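Reading through the structure tokens given below for one structure.
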Amino acid sequence: MSRRSLIGEALASVPSEPSATPAPETPATPRPNFTNKRLEAFGEAARIVKRPTIRLKPAECSIWPGNARDYSMLDEFRLRSLIDSILAEGGNRVPAVVRRTPGGPLPYELVTGTRRHWAISWLNTNHYPDIDLIAIIEDLDDEAAFRLADIENREREDISDLERGLNYKAAVDSYYGGVQLRMAERLKISKSQLSRYIALTEIPPFIVSAFHSPMDLQAKYAEKLLPLLRDGSARAKLEAAADQIAAEQSFRRSGDEQPITGPEVLSRLVQSTTTKGRVQRATIVAPRGDAIGQVEKDQQKVLTLSLSPSNLTVDEILEALRPVIEQAKMRSTRRR
DNA sequence: GTAAGAGTCCCGGTGTTGTT
DNA sequence: AACAACACCGGGACTCTTAC
């Protein structure tokens with residue numbers, strides 16, 4: 001059974017309120033490799049969503065801080081399709097999960113359904129005050145709430161591995177006595193994979209900034225980068241390469257060009273530690289965004305380039321070379 | 001020094017995606 | 001449709017840390 005159909009089956013079993021018009025939740029893009037352990041985890045989710053639903057206002061819920069998703073990062077642009085579907089159907093078909101907070105400032109705390117909460121809250125303040133958040137009430141402790149939120153978040157591609165890693169790192173200390181193995185067993189993921197996510201949080205900001213977006217920084221990169229970062233001389237090279245890549249990303253951003261992809265950033269970072277010289281094999285990009293060659297070496301007095309100009313005009317090639325030569329001249333001046 | 005527990009790293013199986 | 005390449009992640013060996 002595919003992951004998509006399993007989730008669909010679980011969610012289809014939710015009894016809808018008589019007054020609630022069914023609305024399709026914006027589907028999460030499925031990730032590959034749905035394992036048996038994850039099937040078990042979803043079974044748990046499916047059991048929970050069979051409970052009866054209630055209607056409440058987003059203002060009646062506080063957001064549980066243990067969720068990986070950063071509420072402040074949500075905006076109308078990111079949630080446009082969800083907002084549209086809730087509006088079209090008059091509410092959220094897939095219920096959020098809340099728990100009661102006796103003695104708290106608000107009667108409920110939202111455990112899962114952050115995006116739905118944000119979208120309905122936004123609609124309430126933008127001409128649709130009557131739309132309610134449909135939710136189910138669960139009696140959950142923090143650890144159970146964390147596991148439930150994790151099950152849902154694992155299916156979302158708009159949560160970066162870094163966000164997930166930070167969330168896992170906090171959880172291992174808060175709920176599992178600092179023992180990753182215990183947490184891996186409870187979450188039904190391998191200790192290797194959990195270790196990868198948590199290791200990602202040790203990647204320093206200067207490396208993160210080399211990536212176009214934190215979404216490009218994948219958990220598996222931690223295995224390659226962290227050993228290099230622990231090596232003093234390699235770390236210095238990484239820092240220099242990361243600065244260079246970040247500057248190039250910024251240059252491309254300002255010119256509406258395609259960013260350097262995550263795998264390429266990783267490859268260039270790793271390569272920077274295995275070769276001599278300041279800048280080697282940096283890509284040379286034409287005005288239209290095509291890669292036309294690379295900087296082979298940038299040494300004291302010699303700049304070595306390789307070019308595949310294809311069908312570009314001479315002017316286009318010269319334009320692509322201009323920033324490369326200017327940067328080499330700047331470095332040469334600094335070296336003196 | 002030794003044993004136990006925990007974390008890291010590497011390899012390989014499996015599923016997905018792209019190409020012909 | 002068949003094949004190749006790639007991505008993901010689990011299992012287990014290895015290493016490190018801590019307590020005794």
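All heavy atoms count here, side chains included; hydrogens, waters and symmetry mates do not. Only a predicted model underlies this, so the values are computations on that prediction, with no experimental measurement involved. The sequence lines fix the lettering, A, B, ..., with proteins before strands; numbering per chain opens at 1.
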Salt bridge check, [Y] against [X]: does any charged N sit closer than 4.0 Å to a carboxylate O?
X        : Y        : result
A/Asp173 : A/Lys169 : no
A/Arg99  : A/Glu109 : yes
A/Glu143 : A/Arg147 : yes

### Query
Are A/Asp216 and A/Val265 close enough, and set up right, to give a side chain to side chain contact (heavy atoms under 4.5 Å, CB included), and what steps lead you there?
CA-CA 9 Å; A/Asp216 289 349; A/Val265 172; over 6 Å; no
### Task
Mark yes or no for a side-chain to base donor-acceptor pair under 3.5 Å between A/Ser192 and B/dC10, with no hydrogen or angle criteria applied.
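Check fails, no donor-acceptor contact within cut-off.
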### Message
Any donor-acceptor pair, under 3.5 Å, between the side chain of A/Arg196 and the base of C/dG10, if you only look at N and O atoms?
### Response
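Answer is yes: a donor-acceptor pair is held.
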Taking [atom1] from [X] and [atom2] from [N], how many angstroms apart are they, rounded to a whole number?
X        : N      : atom1 : atom2 : result
A/Lys191 : B/dC11 : NZ    : C1'   : 14 Å
A/Leu194 : C/dC8  : CG    : P     : 17 Å
A/Tyr197 : C/dC8  : OH    : P     : 9 Å
A/Lys169 : B/dT8  : NZ    : P     : 11 Å
A/Ile198 : B/dA6  : CD1   : P     : 14 Å
A/Arg164 : C/dC9  : CZ    : P     : 9 Å
A/Leu181 : C/dG11 : CG    : P     : 12 Å
A/Gln193 : C/dA7  : CD    : P     : 15 Å

### Message
Using a 4.0 Å heavy-atom cut-off to protein, can you give one letter per nucleotide of nucleotides 15-20 of chain C, 5' to 3': B if the base is in contact, S if only the sugar-phosphate is, - if neither?
### Response
------
### Task
Calculate, to the nearest 0.5 Å, the distance between atoms OG1 and CG belonging to A/Thr112 and A/Leu110 respectively.
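Rounded to the nearest 0.5 Å, the OG1-CG separation comes to 6.5 Å.
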### Query
When rounded to the nearest 0.5 angstrom, what is the spacing between CD1 in A/Ile198 and CD in A/Gln180?
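Rounded to the nearest 0.5 Å, the CD1-CD separation comes out at 4.0 Å.
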### Message
Would you call the rings of A/Tyr197 and A/Tyr168 parallel, tilted or perpendicular, taking 30° and 60° as the class edges?
### Response
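If you compare the ring of A/Tyr197 with that of A/Tyr168, the planes turn out perpendicular.
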### Message
Check the orientation of A/Phe211 and A/Tyr221. Use parallel for under 30°, tilted for 30 to 60°, and perpendicular for over 60°.
### Response
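Ring orientation of A/Phe211 relative to A/Tyr221: parallel.
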### Query
Do any of residues 216-226 of chain A sit with a heavy atom less than 4.0 Å from DNA chain C, and if so which?
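Result for residues 216-226 of chain A: A/Gln218, A/Lys220, sorted by number.
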### Closest contact, heavy atoms only, A/Met183 versus A/Ala171
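Closest heavy-atom pair between A/Met183 and A/Ala171: CE-CB, 4.0 Å.
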